[in-house]
Colleague: 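Next up is a structure, given as structure tokens.
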There are 2 protein chains.
Amino acid sequence: MLRITKQTDYGIVLLTHFGLADEGQLLSAKELAERTRIPAPMVAKILKILVRAGLLDSQRGAAGGYGLARPARDLSLLEMIAALEGPVSMTECAEMGSGCPIEAGCRPRVNWKLINQVVQAALEGITLERMITPAPACATLDLGLVRAGLEAPQRT
Amino acid sequence: MLRITKQTDYGIVLLTHFGLADEGQLLSAKELAERTRIPAPMVAKILKILVRAGLLDSQRGAAGGYGLARPARDLSLLEMIAALEGPVSMTECAEMGSGCPIEAGCRPRVNWKLINQVVQAALEGITLERMITPAPACATLDLGLVRAGLEAPQRT
DNA sequence: CGAAACCGGACCAGAAAAGTCCTGAAAAGA
DNA sequence: TCTTTTCAGGACTTTTCTGGTCCGGTTTCG
């Protein structure tokens, strides 16, 4: 659990196809639906969302289509997810200041903010460009470091 | 978005109350509902889940109630979430080997596994004990380290 | 003009989440 | 022993979200 929605998943797959296409080349919704085998109306819907969020540019008309609004190296996974399903935050109270009816006996709040930051940092650190590289070279990561960053008891 | 469910959120709040109580003290569902202001039937439901998952022990009868099955320092957030909403994985394909109809044009797979590991490491690194400490001292963390762990291009 | 695309929504069915309720079984105490 | 308290286990309802479809309108190219 803690899953991204299918729509978001689709959206990211679509974006990777833009990343793989030649710079500036336009891809149409229909074309993408065929390539990815995602249902066409769904593809159309998602592309519209991505345009509104500013991740894609669109061109209408007979030879129209969609293209990345920014180079793949400047597009983070965090932005993609935020565009497709709203700002990333694991709990309500980590996002909004308050309004939580539980607040009385709620201590975890502070830590949730922290966890959010970790998740966001992780997502922000992965770019579309990286998502499309063959990746065996990138397939390692040092979890020890992640953990260390989290445990840092107190900055001196 | 990317939220934990309300049920999970409640569950964690409940667990923190056990962490704060004296070691070995039993808390009843009713009592917890009053303290946390979470609807009583909900509390009952969640506590049952936590017992089945082995995070809590229960004692029936007049002076019965619930208590932590393990000390707070041995209980990670990852376990709590997993108990309450199933194993943590952000995408389907990151969990199951395959079955994904998109597989044809799907490159991100590898990176998803990676991201999952980061999230899991983050959640695993936070214990119940830590969730209940007043926390100003723990409120900092070095995001640089997290990012570094993620970017580690290649282990030498 | 007409075909090919995008635009903006409305819409629906099915699934999941949130929350309730009821019956039964154990343990403690009078 | 009988009553009370409290957990156990489900069934159930209601609400919300998600995945997916469809349509009328507009822009652009040929």
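Just so we're on the same page: letters track the sequence lines, and every chain starts at 1. What you are looking at is a predicted structure, and each value in this text was computed from that prediction instead of being measured.
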Colleague: For B/R60 and D/dC7, give me the distance from atom CZ to atom P, rounded to whole Å.
Modeller: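 After rounding, the gap between these two atoms is 10 Å.
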Colleague: Which nucleotide, D/dC7, D/dT5, D/dG25, lies nearest any side-chain atom of B/S58?
Modeller: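 Of D/dC7, D/dT5, D/dG25, D/dC7 is nearest to the side chain of B/S58.
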Colleague: Taking the side chain of B/K30 as its heavy atoms from C-beta onward, which of D/dT27, D/dT6, D/dC29 lies nearest to it?
Modeller: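 Selected nucleotide: D/dT6.
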Colleague: Can you tell me the distance, in whole Å, between the CD atom of B/E34 and the P atom of D/dT5?
Modeller: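 After rounding, the reported distance stands at 13 Å.
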Colleague: Can you measure A/Q59 atom CD to D/dC29 atom P for me and round it to whole angstrom units?
Modeller: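 From A/Q59 CD to D/dC29 P: 7 Å.
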Colleague: Under a single-linkage definition using a 4.5 Å side-chain heavy-atom cutoff for Ile, Leu, Val, Met, Phe, Trp and Tyr, are A/I49 and A/M80 assigned to the same hydrophobic cluster?
Modeller: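 Yes.
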Colleague: Nearest whole Å is fine: how far is C/dA5 C1' from A/L56 CG?
Modeller: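 Nearest whole value for this atom pair: 15 Å.
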Colleague: Between A/K6 and A/E85, is there a side-chain N and carboxylate O pair less than 4.0 Å apart?
Modeller: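 Looking at A/E85 together with A/K6, the answer is no, because their closest N to O distance does not fall below 4.0 Å.
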Colleague: How would nucleotides 17-23 of chain C be written as a contact map, 5' to 3', with B for base contact, S for sugar-phosphate-only contact and - for no contact, using protein heavy atoms under 4.0 Å?
Modeller: -SBB---
Colleague: Please state how far atom CD1 in A/I46 lies from atom C1' in D/dT21, giving the value in whole angstrom units.
Modeller: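 Spelled out: CD1 on A/I46 to C1' on D/dT21 is 13 Å.
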Colleague: Quick one: does any side-chain atom of A/T8 pair with a main-chain N or O of A/I4 as donor and acceptor, under 3.5 Å?
Modeller: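 No, because the side chain of A/T8 does not come within donor-acceptor range (under 3.5 Å) of the backbone of A/I4.
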Colleague: Find out if a path of hydrophobic residues (ILVMFWY) with successive side-chain heavy-atom gaps under 4.5 Å connects A/L32 to A/I132.
Modeller: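 Yes, A/L32 and A/I132 fall within the same hydrophobic cluster.
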Colleague: Are A/L20 and A/L56 in one and the same hydrophobic cluster, where Ile, Leu, Val, Met, Phe, Trp and Tyr link if side-chain heavy atoms are under 4.5 Å apart?
Modeller: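 Yes; tracing contacts between hydrophobic side chains, which count when under 4.5 Å, links both residues.
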Colleague: Taking a hydrophobic cluster as the set of Ile, Leu, Val, Met, Phe, Trp and Tyr residues connected by side-chain heavy atoms closer than 4.5 Å, whether directly or through intermediates, do B/Y10 and B/V51 fall within one such cluster?
Modeller: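 Same cluster: B/Y10 reaches B/V51 through Ile, Leu, Val, Met, Phe, Trp or Tyr contacts under 4.5 Å.
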Colleague: Between A/L84 (CG) and D/dT18 (P), how many Å, whole number?
Modeller: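 So the two atoms are 12 Å apart, to the nearest Å.
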Colleague: I need the CZ-C1' distance between A/R52 and C/dC6, as an integer number of Å.
Modeller: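 Taking atom C1' of C/dC6 as the reference, CZ of A/R52 is at 11 Å.
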Colleague: Nearest whole angstrom, please: distance from the C1' of D/dC17 to the CZ of B/R3.
Modeller: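 Spelled out: CZ on B/R3 to C1' on D/dC17 is 13 Å.
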Colleague: Using a 4.0 Å heavy-atom cut-off, does A/A44 contact any base of the nucleic acid, only the sugar-phosphate backbone, or nothing at all?
Modeller: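 The answer is nothing, as A/A44 stays clear of every strand by at least 4.0 Å.
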Colleague: For atom CZ of B/R73, is the number of surrounding heavy atoms from other residues, nucleotides or ligands below 6.0 Å larger than 12?
Modeller: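 Not buried by this count: 12 neighbours or fewer within 6.0 Å.
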